Amino acid sequence: MHLVDITMFYAAEGGGVNTYLNAKARWLAQRGLIRHTILSSSISAPVLSASALALPSFAIPGVRGYRMPRSIGGPARLIHTLAPDLIEAGDACQCAWAALRAARRLRVPAVAFYHSDLAALVERRFGAHAANVARAYLGQLYRQFDLVLAPSELMTRALGAMGVAQAAHQPLGIDSWTFCPQRRDPSLRSQLQLAPNTRLLVYAGRFTPEKKLHLLIAAVRKLGKPYHLLLIGSGDDSLPRTRELSFIPFVRDLRLLARLLASCDALVHPGDCETFGLIVLEAMACGLPVVGADGGGVAELVDEDSGVLVAPDSVEALCAGIEALYWRDRARLGANARRKAAGRYDWRHVMPQLLRHYCSLLAARQRAQLEAHSACLAD
């Protein structure tokens, strides 16, 4: 079997899509049963998967890290040449249309993974009318796929509301060996030139408006000593540089990221529009409790036994949630978080779920072909 993934969201400094595709590539390569190829328009540096191919592309104005394919036909022809048995599209732009075009020509199943909530992004930036147009577009696109996977129940319901009846919940996963409490480095505070009693919070991810980092930064500055926030990632260079904040650029080495996470007290995630929230799970696997906005996919990962959920879009709520966490038994919360992340979301549990989706599609397609062949013979 040959599986082709195509997306513009596979890049040198990508987030959850990068993690998902690299984990899939490693998992499949270790078992040697399925050939796997990744096509992306955003590859501009060495990637973890040797099977990744770059698509001709152009830069997107105002967007760092991701590039758009130059056409639909070029990627579709490349997929056709690769002759996969199943195609998965990881965005809702040219890559999705190329996947559909190639799947029709090859007569193979086409899967879409709804990694990014495009309608919500459009609504925040352009308003409700534009969001309705985006939802109509997404519904028209995704109804043409044989299966559409969504990483959270919230996104599965959103697809259903767009008329995508074949939407199914498929969570992402984590490597619980890489992300574990044993990565903790007691010297991190001294490396950051912080006092030993500093209450060290961490955020990791892209610095983009929808992450709502301005709320988190305002909350930490309002709390004052002994709180300090470590921000790991890249994006918006206009974020303030003050004594309450430390910055570390995007971390490609997952073991280093795990060491940084495990060495902090808690992860704080102020965004309420995540389709899943992979960094939240990675922090939980490192034994960190989480303070998160009660919205989006994050709210499905964090419960009262593993952290604190707070009202979105509120500096005061973030302050109260962070302070409340330090009044609770953080060791117990962290142990619960680790147990939940490793027990439910390790890739060894998640990948077989994904493979079952693929196998069901392939089996259904084979049955349909056999039935059509039998009907022709009967005539």
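Everything numeric here is computed off the predicted structure, so don't read it as measured data. Residue numbers run from 1 in the order of the sequence given.
Using bins of under 30°, 30° to 60° and over 60° for the plane-to-plane angle, the ring pair Y66/F9 lands in the perpendicular bin.
When hydrophobic clusters are built by joining Ile, Leu, Val, Met, Phe, Trp and Tyr residues whose side-chain heavy atoms come closer than 4.5 Å, directly or via intermediates, L86 is not grouped with Y114. Transitive grouping of hydrophobic side chains (ILVMFWY, heavy atoms separated by less than 4.5 Å) brings Y345 and L257 into a common cluster. The cluster map of Ile, Leu, Val, Met, Phe, Trp and Tyr, joined by side-chain heavy atoms under 4.5 Å apart, puts L278 and V280 in the same cluster.
No side-chain heavy atom of F247 sits less than 4.5 Å from a side-chain heavy atom of L230. Annotation: side chain of R189 is not in contact with side chain of N197 (no heavy-atom distance under 4.5 Å). A 4.5 Å side-chain heavy-atom check between S40 and L55 finds every atom pair outside the cut-off. Side-chain contact between L200 and L194 is present, with at least one heavy-atom pair separated by less than 4.5 Å. Taking 4.5 Å as the limit, every side-chain heavy atom of S314 sits out of range of all side-chain heavy atoms of L318. When side chains are defined from C-beta on, H228 does not count as touching L201, because their heavy atoms never get closer than 4.5 Å.
With rounding to the nearest 0.5 angstrom, the CD1 atom of I217 is 5.5 Å from the CG atom of L231. Rounded to the nearest 0.5 Å, atoms CG (L53) and OG (S41) are 12.5 Å apart. In this structure, the separation between CD1 on I6 and CD1 on I79 is 4.0 Å, given to the nearest 0.5 Å. Note that OG1 of T242 and CG of L245 are 3.5 Å apart. Values are rounded to the nearest 0.5 Å. Atom CG of L288 is separated from atom CZ of F179 by 12.0 Å, given to the nearest 0.5 angstrom.
Shown here is R124, whose CZ atom has more than 12 heavy atoms of other residues, nucleotides or ligands within 6.0 Å.
In terms of the side-chain hydrogen bond (donor to acceptor under 3.5 Å, both in side chains) criterion, residue partners of R339 (sequence neighbours excluded) are, by chain and number, N336. With sequence neighbours excluded, the residues that form a ring-ring contact (aromatic ring centres under 6.0 Å, His included) with Y20 are F113, H115.
Side chains of H2 and T37: a donor on one and an acceptor on the other come within 3.5 Å. Judged purely by distance below 3.5 Å, without hydrogens or angles, the side chains of Y358 and D85 never pair a donor atom with an acceptor atom.
Between R348 and D346 there is a salt bridge, since a side-chain N of the basic residue sits under 4.0 Å from a carboxylate O of the acidic one. Salt-bridge formation is detected for the pair R135/E123: a Lys NZ or Arg NE/NH1/NH2 atom is positioned less than 4.0 Å from an Asp or Glu carboxylate oxygen. Under the 4.0 Å criterion applied to side-chain N and carboxylate O atoms, E244 and K225 are not assigned as salt-bridge partners.
Considering L281, L254, T19 in turn, L281 is the only one that fulfils the side-chain contact (heavy atoms from CB on, under 4.5 Å) rule with I174. Each of R206, K212, E210 was evaluated against T208; a single residue qualifies, E210, per the side-chain hydrogen bond (donor to acceptor under 3.5 Å, both in side chains) test. Of the candidates L39, N22, D91, N22 is the only one forming a side-chain contact (heavy atoms from CB on, under 4.5 Å) with Y10.
For residues 317-329, every residue pair satisfying the side-chain hydrogen bond (donor to acceptor under 3.5 Å, both in side chains) rule, not counting sequence neighbours, is listed here: D265-Y326. Sequence neighbours left out, the pairs with a member in residues 294-306 that pass salt bridge (Lys or Arg N to Asp or Glu O under 4.0 Å) are D303-K340. Pairs engaging residues 68-79 under the side-chain hydrogen bond (donor to acceptor under 3.5 Å, both in side chains) rule: none recorded [sequence neighbours left out]. A side-chain hydrogen bond (donor to acceptor under 3.5 Å, both in side chains) check over residues 140-151, counting only residues at least two apart or in different chains, returns the pairs R104-Q144, D146-R365.
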Dump the intermediate steps for side-chain contact (heavy atoms from CB on, under 4.5 Å) on R338 and C180, then the final yes or no.
-> CA-CA 8 Å; R338 165 67 185 178; C180 63; 3.7 Å; yes
